[in-house]
Novice: 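One structure coming up, written as structure tokens, with questions to follow.
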There are 2 protein chains.
Amino acid sequence: MKYAVIGTGAIGGYYGAMLARGGHEVHFLFHNDYDYVCQHGLHVKSCNGDFHIDDVKAYNSTLEMPKVDVVIVGLKTTNNALLPSLLPSLLKEDTIVLLIQNGIGVEDDVQAMFPGVQLAAGLAFICSAKTEPGVVNHQFYGSINIGNYSCRDIKRYEMMLADFEDSGVSVRNVEYNEARWRKAVWNMPFNGMTVVMNTQTSNLLSVPEMRRIVHNQMLEVIHAAWACGVENISENFADAMIKSTLDMVPYSPSMKLDFDFHRPMEINYLYTRPVQIAHNHGFIMHQMQMLEVQLKFLAR
Amino acid sequence: MKYAVIGTGAIGGYYGAMLARGGHEVHFLFHNDYDYVCQHGLHVKSCNGDFHIDDVKAYNSTLEMPKVDVVIVGLKTTNNALLPSLLPSLLKEDTIVLLIQNGIGVEDDVQAMFPGVQLAAGLAFICSAKTEPGVVNHQFYGSINIGNYSCRDIKRYEMMLADFEDSGVSVRNVEYNEARWRKAVWNMPFNGMTVVMNTQTSNLLSVPEMRRIVHNQMLEVIHAAWACGVENISENFADAMIKSTLDMVPYSPSMKLDFDFHRPMEINYLYTRPVQIAHNHGFIMHQMQMLEVQLKFLAR
């Protein structure tokens, strides 16, 4: 299968490079890094061993890229308004678009932009960053959960999962909505609170009262998920998330990095949409809607 | 009646000076300002006309002060641990202690320190600041609500109210618990949110979503009051508070000033205690307990 990566940053760059190293045909869209990558290739500094893609199929416009079987979207959701101009030339009738993006509600909106397209949700469990041009710095983890949103062609969907797996990326096939809410249990408290408190995960958890509030916020997300029909997430999951965060190095979630580097924050899909969706199901996310507004105030 | 003012700052200084100007005998405890006031007296720059008290009965220790009929406590609640050493020498058997202090739960704690003492709650509606030694800067408002907490001597309690009134301070006799919760409707959202968002009241209200959240936080306080048996506060009161704040000049609540000047914040009586008291009545103040912990985190 042919792949295209739209948004070759820390996430798209890593998974695309893994697929390319695995022998798959991957076409990469670059923006600022285009010239550098044409000359020097794409480098992945990885906790599992560095590697280099010499002969990168690099483009600076999707119009020059071939139609592909799978488009991997690694854009920040704050750039999703670009999709109507970026995607169409890549799509065949049966192309799968894999959205490796943050938050809840992304698939609904992208599907509305491209009604017939087969969509899959990708949830990256990875710490990686693009620190220099043409270099992806992969610090730890690296697995991906993929959920079927609107793929009719199940064989192709499964081939995609197999391609990740045989390229050395650990994949789980998941129910997309449960997976999105599960990830929100960690994402919603930590992304916002590290921004508003101007700190890292470890500092939040080092203050017992703050740890209790973060835990309480996680429960709010779990209860919202229940209200939205996702009943498989137990309250214990909050304890597990706190525990695994305590085991991590001090960490700045992506929204904190966006805030620090004056990039737009993904408030819409990380906060506004899940708060709205829960509200539509009769559940008020008191803490998360307050955090949402605090973030919007800081983002002015 | 003889008065003593403990904590001669923006609040105690203003009301004490008004009583002194009204012809009442007022003994003032000073700390840093003592020498200055002994030499230059106490000056009130007031929106209602400046005035000066030449012959201030100034002290720098309560041990040298006479026993009085009414002690006005104008300390920040963060200094209430000083009361057991400051108060006793001023007290006769029937002395009233008027606590012009912020928050909810103060009377309970002071009563526990001084079981027999007659306590009254004072709620100042005033914008004033102590900007220089010996100078109280009274910007606007200036009324006081007073509620009986444990005064047995009702005649003396009413004489105290009359003394304020005839000294030019507008007084209302109120039910102390309702009055405290009513004030919390404004205090809890605005004090904390101006600190966490590092801004002033007017900026918060200029962002429509933030205005909605502040309104929502006010409703949370009103519902907490209901749960605690204070049922006289209608939801319309939140609208009125928003409206009157829009009519104010851009304003930094006392907690914001404390934070900016690296003074301890009154988190305990403004947040921790009301959240606890509501919790004891089966009501969870989701937003206020989150704000409480955000403040504690910033106060580290």
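Here is how names work: the chains are called A, B, and so on, in the same order as the sequence lines, proteins then strands, and each is numbered from 1.
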Novice: Is any side-chain heavy atom of I213(B) less than 4.5 Å from a side-chain heavy atom of F297(A)?
Specialist: no
Novice: Pick from M193(A), E220(A), H286(A), M288(A): which one makes a side-chain contact (heavy atoms from CB on, under 4.5 Å) with M290(B)?
Specialist: M193(A)
Novice: Which heavy-atom pair separates V293(B) from M210(A) by the least distance, and what is that distance?
Specialist: CG1-CA, 3.5 Å
Novice: Measure distances from R212(A) to the heavy atoms of chain B and classify the residue's part below 4.5 Å as side chain, backbone, both or neither.
Specialist: neither
Novice: At a heavy-atom distance under 4.5 Å, which candidate from Q287(A), M197(A), R300(A) has the highest pair count against chain B?
Specialist: M197(A)
Novice: Would the number of heavy atoms belonging to other residues, nucleotides or ligands and lying under 6.0 Å from CZ of R172(B) be above 12?
Specialist: no
Novice: Which region of N203(A), side chain (C-beta onward) or backbone (N, CA, C, O), has a non-hydrogen atom less than 4.5 Å from a non-hydrogen atom of chain B, or is it both or neither?
Specialist: both
Novice: Given that the side chain runs from C-beta out, which part of Q289(B) has a heavy atom under 4.5 Å from chain A: side chain, backbone, both or neither?
Specialist: both
Novice: Does any non-hydrogen side-chain atom of V196(B) lie less than 4.5 Å from one of Q294(A)?
Specialist: yes
